[in-house]
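Shown next, in C-alpha cells, is the structure this report addresses.
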Amino acid sequence: MFVFALAAPALLVVVLGYVIGYAVTAWICDVLGAEGRRAPEVVGWTTGLALLGVVTWVLLTRWRRRRKGGHQK
C-alpha cells in the first residue's frame, strides 16, 4: 500500500509533464512543417521525468527545512 501511495502521485506528475511536452513539441513541429513522430515522444518523456525531478527536489528541500526548524516565527 505504501508503494502505491508514492507511485500514483509520481506517475501523475510524469504523465502531466509528458502531455505538456508532447503537445508543445507536436505544435512546434506542425508550425515548422517538420515531419516529427519521434521528437514529441522523446521530448514528452524527458519533460515528464524532468518535472518529476523538480517536484521531488522541491518537496525534499521543504521537508529538510521543516525538519531543521528553518521557518521563522
Do Leu51 and Val42 sit in the same hydrophobic cluster, where Ile, Leu, Val, Met, Phe, Trp and Tyr count as joined when their side-chain heavy atoms come under 4.5 Å apart?
no
Please find the pair of heavy atoms, one from Trp45 and one from Tyr18, that lie closest to each other, and give the distance.
N-CD1, 3.4 Å
Say you draw a straight line from CD1 of Ile28 to CG of Leu32; how long is it, rounded to the nearest 0.5 Å?
7.0 Å
Establish whether Leu59 and Leu52 are linked, either directly or via other cluster members, by ILVMFWY side-chain heavy-atom contacts under 4.5 Å.
yes
Should Val55 and Val14 be counted in the same cluster of Ile, Leu, Val, Met, Phe, Trp and Tyr side chains packed under 4.5 Å apart?
yes
Interatomic distance, Thr47 atom OG1 to Leu16 atom CG [nearest 0.5 angstrom]
10.5 Å
Say you draw a straight line from CH2 of Trp63 to NZ of Lys68; how long is it, rounded to the nearest 0.5 Å?
12.0 Å
Count I, L, V, M, F, W, Y as connected when their side-chain heavy atoms are under 4.5 Å apart, and connections chain through other members. Are Leu49 and Val43 then in the same cluster?
no
Gap separating the CG atom of Leu60 from the CZ atom of Arg65, nearest 0.5 angstrom
12.0 Å
In this structure, OG1 of Thr46 is separated from OH of Tyr22 (nearest 0.5 Å) by 14.0 Å
